[in-house]
Amino acid sequence: MKKKIITIIGARPQIIKSSAISRAIRTSFRDDLEEIIVHTGQHYDENMSNVFFEEMQIPYPDYNLNVGSGTHGKQTAKMLEGLEEIYLKEHPDAIIVYGDTNSTIAGALAAIKIHIPVVHIEAGLRSFNKRMPEEVNRIACDHMSSLLFSPTQTGLTNLEKEGFDITYRGKANADTPVVYHCGDIMYDNSLYFSKVSDEKSTVLTDTGVEKNNFILCTVHRDSNTDVKENMNAIFSALLDIVKESGLNIVLPIHPRTKKKMKDQLDEVLYDEIQNTPQFKIIPPAGFLDIIALEKNAKMVITDSGGLQKESFFFRKPCVILRPQTEWVEIVNNGNAILADADRIRIKEAFQKLIHKKDYTFPNYYGDGKAAEFICEKIIEMLN
Ligand code: UD1
């Protein structure tokens, strides 16, 4: 009999991630799985949410809780209430959550309390920094899950250290969870949408940049945008890099960063950025555009987890605007450098990576078929 699963999405990267599983269900598992999609409404701007459903052919959500923005407690509480109601009405056989956002923790917590099995995709990742809301969310979510899918070997090792029996292959439930190392569904998506992006994206012409003459940059972490000193250090470094290298910087801007730039940046720096034509601040980019930018950039500078990895998929070096990362492989292999929000370290990392010649790109993230593997294992658990 067909099993019913509910997929919880809310933040931009989850909408993107979920497309890989929805696609796999549509093409290979439609007789086994029925998917109901619930959008918490954590992200709600047109270009933070809607655009992805259209261009990535994701079915529109069956429910939208419209929780919007708020403090962590308030936002998560609203989600819990709404999700529980839907679970009680729909009686799913399992729910799927992605990554580490407030939508992830709410989806998992509402489910385990009423004994619905939780499937966590992107399990095991750790930054070992509990000041990050995401670190708290993913640890808690992993420990509420029945099926855990780690994209990397590092994730698997992290789970083992926390007491998970990673060799267990019996019946999966919350007390005896089953853990798999399955590769990264974002690698599936990057491969799949790379061709579509070549055909459809016009972002390079629209932005006025050419292949290899620009840096792709994103900044959105609260530790960078909400701490004045950090935001000034990052944007000063970017301006220095633009001036010294002659490259353009393309910065698709998260709504939170846009709001904070004016309040937090020193006036002179803010004005200089506005008056430097090489600084190209554009609205948040859709997935096809972000792929086109990643593929054609000279380098990526970011605090986003997704972009760090996608820069590796498209063989670009990356300066990471964080003190630590969950994607340690790319740092250990010399593809990326942790520079935090430190003006000097950001500039040094840029110089080092731009002059480095001996890049290698080992296969850390699977074979592009993680979604199929995940669906098979979910079906196995439910039968
Ligand atoms: C969330 C995730 C983060 C993820 C990111 C991806 C948590 C704790 N964090 O961070 O892990 O990397 O999504 O993008 O869940 N805003 C808008 N319009 C929107 C969405 C947000 O204006 O559509 C503004 C609001 O001012 C809001 C702020 O951005 O307060 C932060 O949004 P929020 O969803 O709380 O966290 P993100 O920073 O987006």
Side-chain angles (χ1 to χ4, degrees), residues 125 127-129 151-155 183-184 186-187 190-191 194 197-198 203-204 207 209-221 224 230 233-252 276 278-280 285 290-368:
L125 301 178
S127 65
F128 302 99
N129 172 7
T152 59
Q153 180 55 47
T154 314
D184 196 320
M186 280 311 293
Y187 187 50
S190 295
L191 291 180
S194 173
S197 163
D198 289 345
V203 69
L204 297 193
T207 317
V209 290
E210 284 159 18
K211 194 175 164 68
N212 271 329
N213 83 342
F214 69 94
I215 296 162
L216 170 63
C217 176
T218 70
V219 183
H220 80 277
R221 294 274 162 193
N224 285 334
N230 290 352
I234 290 171
F235 279 89
S236 305
L238 294 176
L239 194 60
D240 292 343
I241 289 172
V242 160
K243 285 185 187 159
E244 287 161 21
S245 69
L247 292 166
N248 295 299
I249 284 198
V250 178
L251 185 90
T276 304
Q278 283 156 284
F279 233 105
K280 299 185 186 296
I290 209 81
I291 289 186
L293 291 166
E294 287 163 350
K295 274 174 116 169
N296 292 293
K298 191 140 189 95
M299 191 178 304
V300 176
I301 302 182
T302 189
D303 61 7
S304 146
L307 252 76
Q308 287 171 42
K309 222 176 10 172
E310 286 155 33
S311 63
F312 179 87
F313 298 160
F314 293 113
R315 302 180 162 245
K316 305 293 165 155
C318 180
V319 178
I320 303 173
L321 303 172
R322 283 183 45 200
Q324 66 283 111
T325 179
E326 302 77 26
W327 309 107
V328 286
E329 313 70 26
I330 60 172
V331 173
N332 294 341
N333 195 52
N335 305 89
I337 295 179
L338 290 166
D340 205 354
D342 182 315
R343 184 174 178 175
I344 307 280
R345 283 173 65 192
I346 296 169
K347 287 165 61 176
E348 281 175 0
F350 171 80
Q351 285 303 333
K352 198 165 170 198
L353 291 172
I354 206 108
H355 291 115
K356 185 176 152 83
K357 298 252 175 319
D358 54 341
Y359 284 104
T360 59
F361 297 88
N363 176 12
Y364 296 128
Y365 300 106
D367 57 4

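Throughout, numbering of the chain's residues begins at 1 and tracks the sequence. These values consider heavy atoms only, across backbone and side chains, with no hydrogens, waters or symmetry-generated copies.
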Under the rule for side chain to side chain donor-acceptor pair (under 3.5 Å), what residues qualify as partners of N333, not counting sequence neighbours?
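Here the qualifying residues are N335, T360.
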In chain order, what residues pass the side chain to side chain donor-acceptor pair (under 3.5 Å) check against K243, with sequence neighbours excluded?
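Partners of K243 under the side chain to side chain donor-acceptor pair (under 3.5 Å) test: E272.
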When you measure from the side chain of [X] to the backbone of [Y], do you find a donor-acceptor pair of N or O atoms at a distance under 3.5 Å?
{"X": "D340", "Y": "D342", "answer": "no"}
{"X": "N230", "Y": "A233", "answer": "no"}
{"X": "T325", "Y": "V328", "answer": "no"}

Without hydrogens or angle criteria, can the side chains of E329 and T154 be said to hold a donor-acceptor pair below 3.5 Å?
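Checked: E329/T154 side chains pair up, N/O donor to acceptor below 3.5 Å.
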Just checking, any donor-acceptor pair under 3.5 angstrom between side chains of T218 and S304?
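Absent: no donor and acceptor within the cut-off.
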Considering all heavy atoms, the nearest [X]-[Y] contact:
{"X": "N212", "Y": "A297", "answer": "OD1-O, 3.8 Å"}
{"X": "P323", "Y": "L338", "answer": "O-CD1, 3.7 Å"}
{"X": "L204", "Y": "A292", "answer": "CD2-O, 4.3 Å"}
{"X": "P317", "Y": "L353", "answer": "CB-CB, 3.9 Å"}
{"X": "L321", "Y": "I234", "answer": "CD1-CG2, 4.0 Å"}
{"X": "Y187", "Y": "G366", "answer": "CE2-O, 3.5 Å"}

Just do the side chain to side chain contact (heavy atoms under 4.5 Å, CB included) check on N248 and I215 with the steps written out, would you?
CA-CA 6 Å; N248 295 299; I215 296 162; over 6 Å; no
Got a second to check how far E310's CD is from L216's CG, nearest 0.5 Å?
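Those atoms lie 9.5 Å apart.
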When rounded to the nearest 0.5 angstrom, what distance separates SG in C318 from CD1 in I301?
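Those atoms lie 8.5 Å apart.
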Sequence neighbours excluded, every pair satisfying salt bridge (Lys or Arg N to Asp or Glu O under 4.0 Å) that has a member inside residues 294-305:
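Checked against salt bridge (Lys or Arg N to Asp or Glu O under 4.0 Å) - neighbours excluded - the pairs reaching residues 294-305 are D198-K295.
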Heavy-atom check, side chain of [X] versus side chain of [Y], under 4.5 Å:
{"X": "F350", "Y": "I346", "answer": "no"}
{"X": "V203", "Y": "L293", "answer": "yes"}
{"X": "L238", "Y": "C217", "answer": "yes"}
{"X": "I241", "Y": "L247", "answer": "no"}

Can you sort out the partners of E244 under salt bridge (charged side-chain N to carboxylate O under 4.0 Å, His left out), two or more places apart, ordered by chain and number?
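So E244 forms a salt bridge (charged side-chain N to carboxylate O under 4.0 Å, His left out) with K347.
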Any residue meeting ring-ring contact (aromatic ring centres under 6.0 Å, His included) with Y359, in chain and number order, not counting sequence neighbours
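Y359 satisfies ring-ring contact (aromatic ring centres under 6.0 Å, His included) with no residue once adjacent residues are dropped.
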Under the rule for ring-ring contact (aromatic ring centres under 6.0 Å, His included), what residues qualify as partners of F314, not counting sequence neighbours?
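Not a single residue meets the ring-ring contact (aromatic ring centres under 6.0 Å, His included) criterion with F314.
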Check against side chain to side chain contact (heavy atoms under 4.5 Å, CB included), R221 and R322:
CA-CA 9 Å; R221 294 274 162 193; R322 283 183 45 200; 4.0 Å; yes
Name the residue from I249, T207, N296 that meets the side-chain contact (heavy atoms from CB on, under 4.5 Å) definition with F214.
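Exactly one pass, corresponding to N296.
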Do the rings of W327 and Y365 sit parallel, tilted or perpendicular, given the 30° and 60° boundaries?
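The rings of W327 and Y365 stand perpendicular, inter-plane angle above 60°.
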Looking at Q153, I want to see if its CD is surrounded by more than 12 non-hydrogen atoms of other residues, nucleotides or ligands under 6.0 Å.
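Yes - once you tally the heavy atoms of other residues, nucleotides and ligands closer than 6.0 Å, there are more than 12.
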More than 12 foreign heavy atoms under 6.0 Å from NZ of K356: is that the case here?
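Counting other residues, nucleotides and ligands, NZ of K356 exceeds 12 neighbours.
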Show your reasoning for whether salt bridge (charged side-chain N to carboxylate O under 4.0 Å, His left out) applies to R343 and D240.
CA-CA 9 Å; R343 184 174 178 175; D240 292 343; 2.9 Å; yes
